[in-house]
Amino acid sequence: MNILKIRVFALIFGLSTGWSLAQSLTLEEAQAYAEEHSFMANNASLEVQKARRIVNKTLAQGFPQISANASYINNIELPVQVVPAEFFGGEPGTFAEVKFGTEQTMNWSATLNQLIFDGSYIVGVQGAKAYLRTSRDVYEKTTIELRDIVTQLYAQVLVSRENARILQESVGQLQQLLAETQALQSEGFAEIEDVDQLQILVTSTEQQYAFAQNYAEIALEQLKFNIGYPAGESLELSSSLKDLSTGALSLVDGGREFALGEHIDYRIQLDQLEQRQLQ
């Protein structure tokens, strides 16, 4: 009884806090999720960050460069040398021990360098900035392609589920027709061949239904993998095929003229051309 109370409390607590076992995503939410968690988007984003670091590193070469050196020596025991004692007023023929040097020594130096003009530096900065622009354009293209892939996989899951639903209804109708035909055949109003043919059709449709169910599950796993969703967690799709078709029709723009300069592939080619010219 106590265990049952704990489970009921956990369920009520989960519902009250918005926690659920399965997350529901629309097509737009799945696309946004993919842009944040997918491998394709993360790799493209890392490439942009790498390009930014290259630009900063190249620019830093033209900034004032300050270098400093310091050294410290502590002579625990100074070297002892023997000299004639008469140098210090001692008796001739005798020797005295003398220590030369200092116990502690410290030296330091600083150097300031400033790049005044270097043609290779200017070209290097331009090349680094061109590489950064290319990385940003590649990231934008990756995002566009990723949204298209998510749309196709999302629609594939919905179509597979709809196909499985239709086949399930067909199995039910064929099973009912088979039962009616068997009843007629037992009364002599139908041939045994009709029953056999319907039985084969029912079995074939059941196999198609099982295949459609498996295909829908595989399509869902492909969608989860491409958007970076955890494989072990459930995912519900809240958009319908009608929503997808309506959204596709809304994207059709017949009055807008094609602008070559705005096409992402054209911009990437221009960036690559500029990099080759700088090289």
**Student:** Any chance you could lay out the side-chain contact (heavy atoms from CB on, under 4.5 Å) test for Ile149 and Met40, step after step, and finish with the verdict?
**Tutor:** CA-CA 11 Å; Ile149 292 174; Met40 292 176 57; 4.2 Å; yes

**Student:** With sequence neighbours excluded, what pairs up with Arg147 under the side-chain hydrogen bond (donor to acceptor under 3.5 Å, both in side chains) test?
**Tutor:**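 Counting only residues at least two positions away or on another chain, Arg147 forms a side-chain hydrogen bond (donor to acceptor under 3.5 Å, both in side chains) with Gln31, Glu35.
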
**Student:** Could you list who else is in Ile54's hydrophobic cluster, with ILVMFWY side chains joined at under 4.5 Å, directly or through other members?
**Tutor:**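 Its cluster mates, by chain and number, are Tyr131.
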
**Student:** Got a sec, which hydrophobics cluster with Phe39, joining ILVMFWY side chains under 4.5 Å apart, including via others?
**Tutor:**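 Answer for Phe39: Phe225.
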
**Student:** Minimum heavy-atom separation for Leu241 to Ala155, with atom names?
**Tutor:** CD2-O, 4.2 Å

**Student:** Can you tell me if Tyr215 has over 12 outside heavy atoms packed within less than 6.0 Å of its OH?
**Tutor:** no

**Student:** Going by side chain to side chain contact (heavy atoms under 4.5 Å, CB included), name the residues that satisfy it together with Leu46, two or more places apart in sequence or in a different chain.
**Tutor:**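 Expected list: Gln49.
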
**Student:** I want to check something: taking the side chain as every heavy atom from C-beta on, are Tyr209 and Thr205 in contact at a cut-off of under 4.5 Å?
**Tutor:**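 Not in contact.
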
**Student:** Donor-acceptor check, side chain of Ser38 to backbone of Gly228, threshold 3.5 angstrom: yes or no?
**Tutor:**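 Side chain of Ser38 to backbone of Gly228: no pair is present.
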
**Student:** Identify, with sequence neighbours excluded, every residue that meets salt bridge (charged side-chain N to carboxylate O under 4.0 Å, His left out) alongside Asp137.
**Tutor:** Arg267

**Student:** Among residues at least two apart in sequence or on other chains, which ones pass side chain to side chain contact (heavy atoms under 4.5 Å, CB included) with Phe211?
**Tutor:**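 In terms of side chain to side chain contact (heavy atoms under 4.5 Å, CB included), with neighbours along the sequence ignored, Phe211 is linked to no residue.
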
**Student:** For residues Pro230 and Tyr33, report the shortest heavy-atom separation together with the two atoms involved.
**Tutor:** CD-OH, 3.7 Å

**Student:** Would you check if Gln213 and Arg161 make a side-chain contact, meaning some heavy-atom pair closer than 4.5 Å?
**Tutor:**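 Of all side-chain heavy-atom pairs linking Arg161 with Gln213, none is under 4.5 Å.
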
**Student:** In a table with atom names and distances, give each donor-acceptor pair under 3.5 Å that connects a side chain of residues 169-194 to protein atoms at least two apart or in another chain.
**Tutor:**
unit_1	atom_1	unit_2	atom_2	d
Glu169	OE2	Arg165	NH1	2.6
Ser170	OG	Ile166	O	3.0
Gln175	NE2	Glu206	OE2	2.8
Thr181	OG1	Leu177	O	2.7
Ser186	OG	Gln182	O	3.4
Ser186	OG	Ala183	O	2.6

**Student:** Using the side-chain hydrogen bond (donor to acceptor under 3.5 Å, both in side chains) criterion, which residues pair with Gln152? Sequence neighbours excluded.
**Tutor:** Asp148

**Student:** Mind checking who shares a hydrophobic cluster with Ile268, ILVMFWY linked at side-chain heavy-atom distances under 4.5 Å?
**Tutor:**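 Cluster partners of Ile268: Val138, Ile144, Ile264.
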
**Student:** Of the non-hydrogen atoms in Ala34 and Leu146, which two are nearest, and what is the gap between them?
**Tutor:** O-CD2, 3.5 Å

**Student:** Indicate the atoms forming the closest heavy-atom contact of Asn42 with His37, along with that distance.
**Tutor:**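 The answer is ND2-O, 3.4 Å.
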
**Student:** Under the side chain to side chain contact (heavy atoms under 4.5 Å, CB included) rule, collect the residues that match up with Ser204, sequence neighbours excluded.
**Tutor:** Gln208

**Student:** Side chains of Ser238 and Thr26, heavy atoms from C-beta outward: is any pair under 4.5 Å?
**Tutor:** yes

**Student:** Taking Leu201 as the starting point, is it possible to reach Leu167 by hopping between hydrophobic residues whose side chains are less than 4.5 Å apart?
**Tutor:** no

**Student:** Nearest 0.5 Å, please: how far is CG in Leu25 from CD in Glu236?
**Tutor:**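 Rounded to the nearest 0.5 Å, the CD-CG separation comes to 10.0 Å.
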
**Student:** Hey, does Ser240 have a side-chain heavy atom less than 4.5 Å from the side chain of Asp243?
**Tutor:**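 When only atoms from C-beta onward are counted, Ser240 and Asp243 do touch, with a gap below 4.5 Å.
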
**Student:** Below 4.5 Å, heavy atoms only, C-beta onward: do Val157 and Gln222 meet side chain to side chain?
**Tutor:**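 They are not in contact (no side-chain heavy atoms under 4.5 Å apart), so the answer is no.
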
**Student:** For Lys129, check side-chain hydrogen bond (donor to acceptor under 3.5 Å, both in side chains) against everything at least two apart and list the hits.
**Tutor:** none

**Student:** Could you grab the distance from atom CD of Glu36 to atom CD1 of Ile227, nearest 0.5 Å is fine?
**Tutor:**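 Taking CD in Glu36 and CD1 in Ile227, the distance rounds to 11.5 Å.
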
**Student:** Kindly compute the distance separating CD (Glu47) from OG1 (Thr134), expressed to the nearest 0.5 Å.
**Tutor:** 10.5 Å

**Student:** Would a distance-only check, ignoring hydrogens and angles, find a side-chain to backbone donor-acceptor pair under 3.5 Å from Asn56 to Arg52?
**Tutor:** yes

**Student:** Find the distance between OG1 (Thr203) and CG (Leu198) and round it off to the nearest 0.5 Å.
**Tutor:** 10.5 Å

**Student:** Do other residues, nucleotides or ligands put more than 12 heavy atoms under 6.0 Å from Glu162 CD?
**Tutor:** yes

**Student:** What closest approach, in Å, do Ala219 and Ser160 show between heavy atoms, and which atom pair accounts for it?
**Tutor:** CB-OG, 4.5 Å

**Student:** Got a sec, which pairs hit salt bridge (charged side-chain N to carboxylate O under 4.0 Å, His left out) with one end in residues 208-226, sequence neighbours left out?
**Tutor:**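 Pairs touching residues 208-226 that pass the test: Glu221-Lys224.
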
**Student:** What's the spacing between Leu237 CG and Glu29 CD if we round to 0.5 Å?
**Tutor:**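 Rounded to the nearest 0.5 Å, the CG-CD separation comes out at 11.0 Å.
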
**Student:** Output the distance between atom CG (Leu220) and atom CG (Leu153), rounded to the nearest 0.5 Å.
**Tutor:** 10.0 Å

